[in-house]
Amino acid sequence: MVQIRWSRRIITEIHEARDYLHAFSPRSAERLTDAVFGKAALLESQPLLGRVVPEAEGPDVRELFYQKYRLNYRVVSQTEILMLTLHPSLRPLTAGSLLE
């Protein structure tokens, strides 16, 4: 089984997205959080589940989608995944956006 680690950046982005949504719909904010952690849990048994990020340099950076968000992660090794960013899909993703 693969160990999932979370960057400080993605934790901050999850909190920011949750706080923003909570002002309009507390239920949507909760669904977002549940979806992000649920998708990350899928990676424990299927680390290559997401597609390769076209903007990244190499096949180790991958992503899953939830509504208007891109959940980017790096396959560090066969036993470790680093969750990188929760990026709004309406904004361009740059290589700098993927750095820790």
Side-chain angles (χ1 to χ4, degrees):
M1 178 135 23
V2 176
Q3 177 186 10
I4 306 292
R5 287 189 312 120
W6 298 81
S7 69
R8 288 186 199 137
R9 180 180 185 157
I10 193 170
I11 296 298
T12 299
E13 291 168 342
I14 291 168
H15 283 287
E16 289 172 353
R18 182 179 168 86
D19 289 347
Y20 175 80
L21 287 173
H22 193 270
F24 303 100
S25 171
R27 185 177 164 123
S28 292
E30 187 172 328
R31 278 195 303 251
L32 170 70
T33 306
D34 291 346
V36 168
F37 287 102
K39 286 185 177 287
L42 289 173
L43 297 175
E44 291 176 348
S45 60
Q46 303 173 63
L48 301 178
L49 180 65
R51 76 172 188 153
V52 173
V53 175
E55 299 90 343
E57 297 178 11
D60 61 325
V61 178
R62 304 179 79 85
E63 66 187 350
L64 297 171
F65 294 89
Y66 175 73
Q67 292 183 355
K68 63 176 186 166
Y69 294 99
R70 296 168 76 171
L71 180 60
N72 302 109
Y73 65 96
R74 179 180 308 278
V75 179
V76 178
S77 70
Q78 291 181 342
T79 59
E80 183 181 3
I81 288 179
L82 176 61
M83 304 306 293
L84 297 171
T85 66
L86 180 67
H87 192 82
S89 60
L90 298 175
R91 289 192 338 223
L93 183 66
T94 63
S97 301
L98 297 172
L99 299 176
E100 281 186 76

Visitor: Can Val53 be reached from Tyr66 by stepping across I, L, V, M, F, W or Y side chains whose heavy atoms are under 4.5 Å apart?
Guide: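 Per the 4.5 Å side-chain linkage, Tyr66 and Val53 are not co-clustered.
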Visitor: Mind checking what makes side chain to side chain donor-acceptor pair (under 3.5 Å) contact with Ser25, not counting sequence neighbours?
Guide: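 Counting only residues at least two positions away or on another chain, Ser25 forms a side chain to side chain donor-acceptor pair (under 3.5 Å) with Ser28.
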Visitor: Roughly how far, to the nearest 0.5 Å, is NZ of Lys39 from CG of Leu64?
Guide: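 That separation rounds to 5.5 Å.
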Visitor: Can you name the nearest heavy-atom pair linking Leu32 to Arg18, along with the distance?
Guide: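 Smallest heavy-atom distance, with atoms named: CD2-N, 4.1 Å.
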Visitor: To the nearest 0.5 angstrom, please state how far the CD atom of Gln67 sits from the CZ atom of Arg31.
Guide: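 These two atoms lie 7.0 Å from each other.
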Visitor: At their closest point, which heavy atom of Glu44 faces which heavy atom of Ile4, and how far apart are they?
Guide: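 Minimum heavy-atom separation between Glu44 and Ile4: CG-CG1, 3.7 Å.
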Visitor: Tell me whether Val52 is reachable from Ile81 by hopping between hydrophobic residues (I, L, V, M, F, W, Y) whose side-chain heavy atoms are closer than 4.5 Å.
Guide: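 No, separate clusters.
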Visitor: If I compare all heavy atoms of Pro54 with all of Arg70, which pair ends up nearest, and what's the gap?
Guide: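 It is CD-NH2, 4.2 Å.
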Visitor: Check whether Val75 and Val36 end up in the same hydrophobic cluster, where Ile, Leu, Val, Met, Phe, Trp and Tyr are linked by side-chain heavy atoms less than 4.5 Å apart.
Guide: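 Both belong to a single hydrophobic cluster.
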Visitor: Same cluster or not: Met83 versus Phe65, using hydrophobic residues (I, L, V, M, F, W, Y) connected whenever any side-chain heavy atoms lie under 4.5 Å apart?
Guide: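 As far as the 4.5 Å side-chain criterion goes, Phe65 and Met83 are not connected within one cluster.
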Visitor: On a heavy-atom basis, which atom in Tyr73 and which in Gly50 lie closest, and how many Å separate them?
Guide: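 Nearest heavy atoms, Tyr73 then Gly50: OH-N, 3.0 Å.
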Visitor: Do you know which two heavy atoms are closest between Ala29 and His22, and how far apart they sit?
Guide: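 Here Ala29 and His22 meet closest at CB-N, 3.7 Å.
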Visitor: Decide whether Leu21 and Ile14 are clustered together by the hydrophobic rule: side chain heavy atoms of Ile, Leu, Val, Met, Phe, Trp, Tyr closer than 4.5 Å, transitively.
Guide: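 Same cluster.
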